[in-house]
Amino acid sequence: MEFGNVSGAAITAMAVVAVVTILLPVILVIVGKVKLGAKLSSFFIGCGVFFVMALVLEQILHAVVLTITGTKLTDNIWLYALYGGCAAAVFEETGRWFAMKHFLKKNLDFPNAVMYGIGHGGFEAIVVGGISYIGNIVSALSINSGMMEKSLQLMDASTKQQTYTALQSLWTTPAYQFYLGGAERVLAVVLQIALSLIVFKAVKSGQKKYIAAAYLIHFAVDFTIVLCGHYFPLMVAEVILLAAVAVVLWFALKTTKMYKSA
């Protein structure tokens, strides 16, 4: 196994993304608290729901399904995108609806719906973006120093190969792609806020069409991005995500305009 060298530009990009994805939720929480007058509890409820629904329950489902199906699911990009989009939509939107229906019941208004979305999307950004990129930086420095190669010598052949394959992207991925990954995390936060407003509208109005819209939008975005990431260059996929998030945000603000004014 031959290890490459992780460029300084790539490490810098990872560091920038890590800082941005960790600071962004903090800044948004301050804005939500100071400018909108939202409660901090709404933020933490959003964090908790994402953790339970997406990082615990959804991951348990993935473990079971992928164990049963093996590579039949992961080798078919259309089935994989369909399954992944459905799972994310069902778990996250159900959690979002339940939280607003019960946990935010007394404080459910436009500012707290936004703050909930900041918690839901911000926690995702910190875990998927910030913490993951910090881990990548540690691995990159270990690779460049030669320590990683020495560590792999202590592993069995199967584990060694899996670890090596997982680390390869650190020296083969151009620096700009790490920045694009960070941009995707920022857009994901905006999307989570927009979806929170749509579910807020569903709960406040009692109209089931809005919760149905939240499920459908979440599924459609995830499904499309997985396919675009497979068939198109990363830059094209990110532009498509940007357009999709802009449309969803417009729809969310339009449908909750009356509550925002109030």
Side-chain angles (χ1 to χ4, degrees), residues 15-56 88 91-134 181-205 210-211 213-214 217-218 221 241-242 244-262:
V16 170
V17 171
V19 171
V20 169
T21 51
I22 291 174
L23 284 183
L24 177 62
V26 176
I27 294 172
L28 290 177
V29 167
I30 294 173
V31 172
K33 179 66 177 175
V34 175
K35 295 294 184 179
L36 297 179
K39 295 184 177 296
L40 285 176
S41 58
S42 300
F43 169 78
F44 290 112
I45 290 171
C47 291
V49 169
F50 179 82
F51 173 77
V52 173
M53 299 302 290
L55 299 184
V56 178
F91 279 96
E92 292 189 48
E93 298 315 312
T94 300
R96 203 186 315 264
W97 174 84
F98 188 85
M100 292 192 182
K101 189 77 172 177
H102 301 283
F103 300 149
L104 272 74
K105 188 174 183 179
K106 294 181 179 179
N107 302 311
L108 189 58
D109 54 16
F110 184 90
N112 283 292
V114 172
M115 187 66 99
Y116 172 91
I118 295 172
H120 195 119
F123 192 80
E124 180 182 26
I126 292 172
V127 173
V128 179
I131 295 177
S132 294
Y133 273 72
I134 289 173
E184 182 176 327
R185 288 298 95 218
V186 173
L187 289 174
V189 173
V190 178
L191 178 64
Q192 295 288 15
I193 294 173
L195 287 169
S196 296
L197 288 175
I198 295 171
V199 175
F200 159 68
K201 170 70 173 185
V203 174
K204 291 294 284 187
S205 68
Y210 289 107
I211 187 63
I217 289 170
H218 199 140
V221 171
L241 176 61
L242 174 61
V245 171
V247 171
V248 176
L249 181 61
W250 170 82
F251 174 73
L253 292 175
K254 181 181 179 180
T255 57
T256 56
K257 185 177 180 180
M258 66 180 73
Y259 301 105
K260 180 181 179 182
S261 300

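Everything numeric here is computed off the predicted structure, so don't read it as measured data.
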With a 4.5 Å cut-off on side-chain heavy atoms, are Lys201 and Lys257 touching? no
Ala188 and Glu124 have their tightest heavy-atom pair at CB-OE1, 4.3 Å
So do Arg96 and His218 actually touch side chain to side chain, heavy atoms under 4.5 Å? yes
For Tyr210 and Ser205, work out which heavy atoms get closest and say how close. CD1-OG, 4.0 Å
Residue among Leu197, Leu253, Ile198 satisfying side-chain contact (heavy atoms from CB on, under 4.5 Å) with Val248: Ile198
For Ala113 and Ser196 the tightest heavy-atom approach is O-CB, 3.6 Å
Atom CG of Leu23 and atom CD1 of Ile126: how far apart are they, to the nearest 0.5 Å? 9.5 Å
Any idea which heavy atoms bring Gly46 and Tyr116 closest together, and the distance? CA-CE1, 3.3 Å
Using a 4.5 Å cut-off on heavy atoms from C-beta on, say whether the side chain of Val31 contacts that of Leu36. no
Keeping the roles fixed (side chain from Asp109, backbone from Tyr259), state whether a donor-acceptor pair exists under 3.5 Å. no
Is the shortest side-chain heavy-atom distance between Val128 and Thr21 below 4.5 Å? no
The reported gap from CD1 in Ile193 to CG in Leu28 (rounded to nearest 0.5 angstrom) is 5.5 Å
Spatial distance of atom CG (Leu191) from atom CD1 (Ile217) [nearest 0.5 Å]: 8.5 Å
Paired with Phe123, the side-chain contact (heavy atoms from CB on, under 4.5 Å) test is passed by just one of Ile118, Val189, Leu55, Val49, namely Leu55
Distance-minimising heavy-atom pair for Pro25 and Val20: CD-O, 4.4 Å
Distance-only, no hydrogens or angles: does the Thr255 side chain make a donor-acceptor pair with backbone N or O of Ala252 under 3.5 Å? yes
Taking C-beta and beyond as the side chain, do Phe200 and Leu108 meet within less than 4.5 Å on heavy atoms? yes
Which value, rounded to the nearest 0.5 Å, describes the distance between Lys106 atom NZ and Asn112 atom CG? 13.5 Å
How far does OG of Ser42 sit from CE of Met100, to the nearest 0.5 angstrom? 8.5 Å
Apply side-chain contact (heavy atoms from CB on, under 4.5 Å) to residues Leu104 and Val203 and explain how you reach the verdict. CA-CA 11 Å; Leu104 272 74; Val203 174; over 6 Å; no
Is any side-chain heavy atom of Lys33 closer than 4.5 Å to one of Met115? yes
Mind listing the closest non-hydrogen atom pair of Ala18 and Tyr133 along with its distance? CB-CB, 3.9 Å
Enter the distance from Lys204:NZ to Thr256:OG1 here, rounded to the nearest 0.5 Å. 12.0 Å
